[in-house]
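Below is one structure, written out as structure tokens, with a few remarks after it.
What you are looking at is a predicted structure, and each value in this text was computed from that prediction instead of being measured. Counting starts at 1 for both ligands and their atoms, in listed order.
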Amino acid sequence: MYSRIAGTGSYLPEKILTNAELAQRVDTTDEWIVSRTGIRQRHIAAEDQRTSDLALIAVERALEAAGVDKSEVDLLIVATTTPDSIFPSTACTLQNKLGVHGFPAFDIQAVCAGFIYALSTADQFVKSGAAKCAVVVGAETVSNLINWEDRGTCILFGDGAGAVVLTASEEPGILATQLHADGRYSGILKTDARPKQGELVGDPYVYMEGNAVFKFAVKALAEVAESTLAKAGLQKSDVDWLVPHQANIRIIESTAKHLHMSMDNVIVTVDMHGNTSAASIPLALDAGVRSGKIQRGQTLLMEGIGGGFAWGSALVKY
Ligand code: UT7
């Protein structure tokens, strides 16, 4: 038994924040941001939009694309670093907003690797027969964690949500997944804040040592691509599309180069979305599917890395 992606959906908030607007707030330029990151704009959630609101629209679109009624869903996993609240989980809130009840719903917190962690977890449920129709969501309102005076981070991130519907199938779907974590690197990318007795203590903003993160990401993503291909018994040349986490175009180019892939076979949304953390891979996947680039029967390699450090990849027959 396999789990197969039956449909994808995504949602981006209406408000767009351009590099030019950021250059009015901090000491930066459009030229610097584009050349160092590939980012041109990002979407920012409205004041009253919570992560579950973004997720709800993405899930409704994914269910529609899959031709699946919400009453058939028997597992809901939300990957997020920016939950609606400390508890209940965003997944429980989203389940209620969807108007369906009873089946397991929970969040996964693996920052930018969250969607890969959630997809891999849902795959285990489906393969074991514990679920038949899983909805996996990556949704974030990262803008709430951004210090808009820190030019090193405020240019990078954006908000959004992406979702997939996974159904049980005898035809190959998810071929292999690999997950990794190494807490020794937790200090180079973090948001320290925690609630304590009615107050938030610690820094509530994203802190990042950009260069160290960059180096770690390039190496880890190359290694995990190799090991996931080996696990599935496939070669680099078998991959039709790379659907990477969208953090920086230079990291994406380096991974593609390592896989001997042309950038023509890479789904790139970082220019339009920025880094949307756990939402970035399902947003890119949905963009690839809806643009007609990704076709049924093709082999996709998705991979993500972020705070923790946590990283992983998934090889999928679409
Ligand atoms: O989702 C996973 C997590 N995130 C990532 O994967 C991001 C990984 N890191 C990166 O994408 C890059 O490290 C950055 C885009 C964040 C930074 O690019 P970089 O090429 O590593 O630049 P840098 O940090 O080495 O900084 C180079 C210079 C510095 O000036 P000095 O010290 O050379 O005078 C920075 O102060 O660029 C300066 N700088 C900026 N200049 C204009 C840093 N941010 C900016 C800015 N505009 N926004």
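- When non-hydrogen atoms are compared, ligand 1 lies under 4.0 Å from the backbone of T28 as well as from its side chain.
- Under the 30°/60° scheme for interplanar angles, the aromatic rings of H273 and H43 are found to stand perpendicular.
- Side-chain polar atoms of K132 and T167 form no donor-acceptor pair below 3.5 angstrom.
- Ranked by closest heavy atom to atom 38 (C) of ligand 1, the top entry among R151, E209, H245 is R151.
- Using a 4.0 Å cut-off between charged side-chain N and carboxylate O, E253 and K257 make no salt bridge.
- The closest approach between any non-hydrogen atom of D27 and ligand 1 is below 4.0 Å.
- Between the side chains of E140 and S277, at least one donor N or O sits under 3.5 Å from an acceptor N or O.
- For atom 14 (C) of ligand 1, the nearest protein heavy atom (residue, atom name, distance) is N248 ND2, 4.5 Å.
- Annotation for ligand 1: atoms under 4.0 Å from non-hydrogen atoms of R36 are 19 (P), 20 (O), 22 (O), 27 (C).
- Residue contacts with ligand 1 for N275 involve side-chain atoms from C-beta outward but no N, CA, C or O (heavy atoms, distance under 4.0 Å).
- Of the protein's non-hydrogen atoms, I305 O, 3.5 Å is the one closest to atom 2 (C) of ligand 1.
- With a 4.0 Å cut-off on non-hydrogen atoms, A247 touches ligand 1 through its side chain and not its backbone.
- Judged by the 6.0 Å and 45° rule, R296 forms a cation-pi pair with Y318.
- The aromatic rings of F309 and Y185 sit perpendicular to each other, their planes meeting at more than 60°, with 30° as the lower class boundary.
- Contacts with ligand 1 closer than 4.0 Å are made by heavy atoms of both the backbone and the side chain of N211.
- The heavy atom nearest to atom 18 (O) of ligand 1, considering only Q246, M208, R250, is found in R250.
- Using modelled atom types and a 3.5 Å distance limit, the side chains of Q178 and T228 yield no donor-acceptor pair.
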